[in-house]
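Throughout, numbering of the chain's residues begins at 1 and tracks the sequence.
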Amino acid sequence: MSPKRFDAVVVGAGPAGLAAAGVLSRAGYAVLVVDEAPVPGGRLWAQWHRLGSTVWDGAHEVDRLVSALAPGVQWRLSTSVEAIAGSAAEGFQVDLARGGAVGRAVLLATGAAEVPLPIPGWTLPGVLAVGAAQTLWKGWHIPPGRRGIIVGTNPLGFAVAQELLGAGVESLAIVMPPPSMATAHLGSLPQQWDRLFELAAGAPRWAQPVARLLHGRAGWQRMAMRLYPPGGLAVSGARLQLRRQALAVEGGDCVEAVTLQSVDAAGLPAGAPWTEPADFVLLAGGLRPLGELTAQAGVQRGHYDGLGGEVPLVTARLATSRAGLFAAGNVLGVESARVAIAQGRLAGWGMVAHLGGSVPADRWREAEGALELARRDAPFAFQPGLGAARLRHRADSEREVGP
């Protein structure tokens, strides 16, 4: 039986894919949405965090995006995409784990994956990536334990800490990762501390001016670290212990404790290691664009540390170097869910234009303005150097792919 044909195939049912599918379906196009998860939403449905007086509830956002789809959108969930071949002229053959489909246009919205943070003992039961703990709680309302330690300081870790402390976890500390080849991508401890000060908008209100003052000032940071309390400071209910590193996870059949090491104001070991009891450990190694399918599809890509790694080069309307293939969301660089939604809508209109539809000028202005606003209002950058990386990516894309 020949594969079914669609106007557009959307690979990834996260915020970007759902937003694009909404634009395309409401414009009257036949749309297939494919995702390897059993439910739409990607990481978005598990997100919940408070920023000042505002609460971001990803599950509600997923409901809004799904309800905005026009009737007739078809789904292939619990299904992975194995390859993409063909062209816009003849149709793109999208090979699925079971069967296939043909699309006149394809959106690659495959999102991001967590970067492993291997430390001694990380295979013990009770050690999870922070995203897995978030899914465990939001999906099944099961907290990972009662007393925990998060290793690593990235925005996802802080968001998950808020969720778990609201879920009945009794105590939660956030400590620095150990120095090793496996954690070299995070940089030295002073570099990681400086990166934290970039997250000033997400800090407690009292700490925001201090964080902005210390960012980029190495001498002042060393002075601040000398004064930093050994037991850490309270951040959203967790103890942020910037002068403690996790050296290893200890236990027999499961997590029982974590070996910690104090460090001085320069990030060097100080004193003898000791153990702290814990019944779960969360590893926060950061996120990277999930770009394997973009590489297989043969689109031009570039490496940008500030975006999280290898990402496709795209036009301003998110078309890749292969006509008919578009990209949106974290596959273009790790940013917020609001940015991914705005990118999805912009890519959706780009696909409408590619399919021969008429896109009014005010639609372009609205979509481009929404993306600019989402970036401007983002409380923090997931990667250091995000702004500069976006500028280099835009310049390279204009040169290699087009405006």
Next item on the list: Enumerate the residue pairs fulfilling salt bridge (charged side-chain N to carboxylate O under 4.0 Å, His left out) with a member in residues 171-183, sequence neighbours excluded, ordered by first and then second residue.
Entry: none
Item checked: side chain to side chain donor-acceptor pair (under 3.5 Å) contacts in which one or both residues fall within residues 268-291, not counting sequence neighbours -> Trp274-Glu276, Arg288-Glu292
Notebook entry, point to check: By salt bridge (Lys or Arg N to Asp or Glu O under 4.0 Å), which residues pair with Glu250, not counting sequence neighbours?
Noted result: none
Margin query: Test of understanding: with salt bridge (Lys or Arg N to Asp or Glu O under 4.0 Å), list the residues that count as partners of Glu400, not counting sequence neighbours.
Written below: none
Next item on the list: Please list, chain by chain and in numerical order, all residues satisfying side-chain contact (heavy atoms from CB on, under 4.5 Å) with Ala97, sequence neighbours excluded.
Entry: Ser80, Glu82
Item checked: Leu391 CG to Leu386 CG distance, which is reported to the nearest 0.5 Å -> 9.5 Å
Margin query: Using side-chain heavy atoms (C-beta onward) and a distance below 4.5 Å, is Trp364 in contact with Leu346?
Written below: yes
Check: Are any non-hydrogen side-chain atoms of Phe280 and Leu172 less than 4.5 angstrom apart?
Finding: yes
Note to self: Once side-chain contact (heavy atoms from CB on, under 4.5 Å) is applied, do any residues pair with Arg98, and if so which ones, sequence neighbours excluded?
What the structure shows: Arg76, Thr79
Notebook entry, point to check: Which residues pass the side-chain contact (heavy atoms from CB on, under 4.5 Å) test with Val331, sequence neighbours left out?
Noted result: Thr110, Thr294, Ala327
Item checked: Partner set under salt bridge (Lys or Arg N to Asp or Glu O under 4.0 Å) for Arg104, not counting sequence neighbours -> Asp7
Next item on the list: Sequence neighbours left out, what passes ring pair (Phe, Tyr, Trp, His ring centres under 6.0 Å) with Tyr304? Give chain and number order.
Entry: His393
Checklist line | Of all pairs that satisfy side chain to side chain donor-acceptor pair (under 3.5 Å), the ones with a partner from residues 133-149, not counting sequence neighbours | finding: Gln134-Glu163, Arg146-Glu170
Notebook entry, point to check: Can you name the residues that form a side-chain hydrogen bond (donor to acceptor under 3.5 Å, both in side chains) with Ser321, not counting sequence neighbours?
Noted result: none
Check: Under the salt bridge (charged side-chain N to carboxylate O under 4.0 Å, His left out) rule, what pairs show up with a residue in residues 308-331, not counting sequence neighbours?
Finding: Arg317-Glu368
Check: Any side-chain heavy atom of Arg345 within less than 4.5 Å of one from Arg363?
Finding: no
